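Sequential numbering from 1 along the given sequence is applied to the chain's residues. Note that the structure is a prediction, hence the values are computed from the model and not measured.
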Amino acid sequence: MIKPATQADIDRMIGARDGEPVAQHHIRARWVLQQSGEGVYLVAWRDGEIVGQTMLLRRSKYDEVYADADPAEINALHAYVRRQGIGTAIIRAAEEIAAGEWNRSAIGLAVGLDNDRARALYERLGYEAWSGPRVVDRWTEQAADGTVVRTHSDPCEYLLKKL
């Protein structure tokens, strides 16, 4: 089952990441985005356990993609168990929300240049390379007190799918 995160889900995920302030920060940040209405934090469940997650954004975080294609965007997809259909189920749920509830005509995502397995999955599901240039995913690792520990700038290929 894939559903939007609840406060109880957030508390559970943060508790499971005790001693991992970077992961806890990202979980809290996604919850804030959901609370603001900018997206939906989707959580995958199987047998009472959380087995995956992603943030579905109402618009691309990459200005050049937003200006060109204006897709909803899957961000930070993570299936905790591989090769069991969890990633596919999360993507399908995100597509359903984007097309159905949000009436969006396209959905996209960025994939790291070295992540061939993920790219192959996305292509099997109908995602195609965006016609624009590579995007750069910029994000920060933060300590529990909010101090920036490290800043990342990862070049990525952007993939789109018409809904």
All ring pair (Phe, Tyr, Trp, His ring centres under 6.0 Å) counterparts of Tyr80, not counting sequence neighbours: His78
Residue pairs, two or more places apart or on separate chains, that pass side chain to side chain donor-acceptor pair (under 3.5 Å) and touch residues 110-120: Arg119-Glu123
Ring pair (Phe, Tyr, Trp, His ring centres under 6.0 Å) contacts in which one or both residues fall within residues 84-128, not counting sequence neighbours: none
Gln24 side chain vs Ile14 backbone, donor-acceptor pair below 3.5 Å: yes
Flag side-chain contact, heavy atom, 4.5 Å: Asp9 against Gln53: no
Counterpart residues, salt bridge (Lys or Arg N to Asp or Glu O under 4.0 Å), relative to Asp11 (two or more places apart): none
Minimum-distance pair of heavy atoms, taken over all atoms of Glu157 and Ala129: OE2-CB, 4.2 Å
Set of side chain to side chain contact (heavy atoms under 4.5 Å, CB included) partners for Ala76, sequence neighbours left out: Arg30
Contact list for residues 12-23, test side chain to side chain donor-acceptor pair (under 3.5 Å), sequence neighbours left out: Arg12-Glu49, Arg17-Glu20
Ring pair (Phe, Tyr, Trp, His ring centres under 6.0 Å) partners of residues 9-33, not counting sequence neighbours, each pair once: His26-Trp139
Lys3, NZ atom: more than 12 neighbouring heavy atoms under 6.0 Å: yes
Residues that Ser60 engages under side chain to side chain donor-acceptor pair (under 3.5 Å), provided they are two or more places apart: Glu73
Side chains of Glu128 and Leu160 in contact at under 4.5 Å (non-hydrogen atoms): no
Polar side-chain atom of Glu64 near backbone of Pro133 as donor-acceptor pair, under 3.5 Å: no
Of all pairs that satisfy salt bridge (Lys or Arg N to Asp or Glu O under 4.0 Å), the ones with a partner from residues 83-92, not counting sequence neighbours: Arg92-Glu95
Single-linkage hydrophobic cluster Ile86~Leu121, side-chain heavy atoms < 4.5 angstrom: yes
Linked, directly or transitively: Leu163 and Leu159 (ILVMFWY side chains, under 4.5 Å): yes
4.5 Å side-chain heavy-atom contact, Gln84 and Val51: no
Option passing side chain to side chain contact (heavy atoms under 4.5 Å, CB included) with Ile74 (candidates Ile107, Leu42, Leu57, Ile90): Ile107
Interatomic distance, Ile10 atom CD1 to Gln35 atom CD [nearest 0.5 angstrom]: 8.5 Å
Approximate separation, where rounding is to 0.5 Å, of Arg150 CZ and Thr140 OG1: 11.5 Å
Side chain to side chain, Leu109 and Leu77, heavy atoms closer than 4.5 Å: no
Heavy-atom donor-acceptor pair, Arg58 side chain to Gly37 backbone, under 3.5 Å: yes
Pairing residues for Trp45 by the ring pair (Phe, Tyr, Trp, His ring centres under 6.0 Å) criterion, not counting sequence neighbours: none
Heavy-atom closest pair, residues Ala98 and Leu56: N-CD2, 4.3 Å
Shortest non-hydrogen separation from Gln34 to Pro4 and the atoms involved: OE1-CB, 4.1 Å
Derivation and outcome, side chain to side chain contact (heavy atoms under 4.5 Å, CB included), residues Lys61 and Asp137: CA-CA 9 Å; Lys61 70 181 201 171; Asp137 190 26; 2.5 Å; yes
Residues in side chain to side chain contact (heavy atoms under 4.5 Å, CB included) contact with Ser131, at least two apart in sequence or another chain: Asp68
Hydrophobic cluster membership, Leu113 vs Trp130, 4.5 Å side-chain cutoff: no
Side-chain (Thr54) to main-chain (Asn75) donor-acceptor, under 3.5 angstrom: yes
Considering all heavy atoms, the nearest Cys156-Ala110 contact: CB-CB, 3.8 Å
Those residues that, when tested against Tyr158, pass ring pair (Phe, Tyr, Trp, His ring centres under 6.0 Å) (two or more places apart): Tyr62
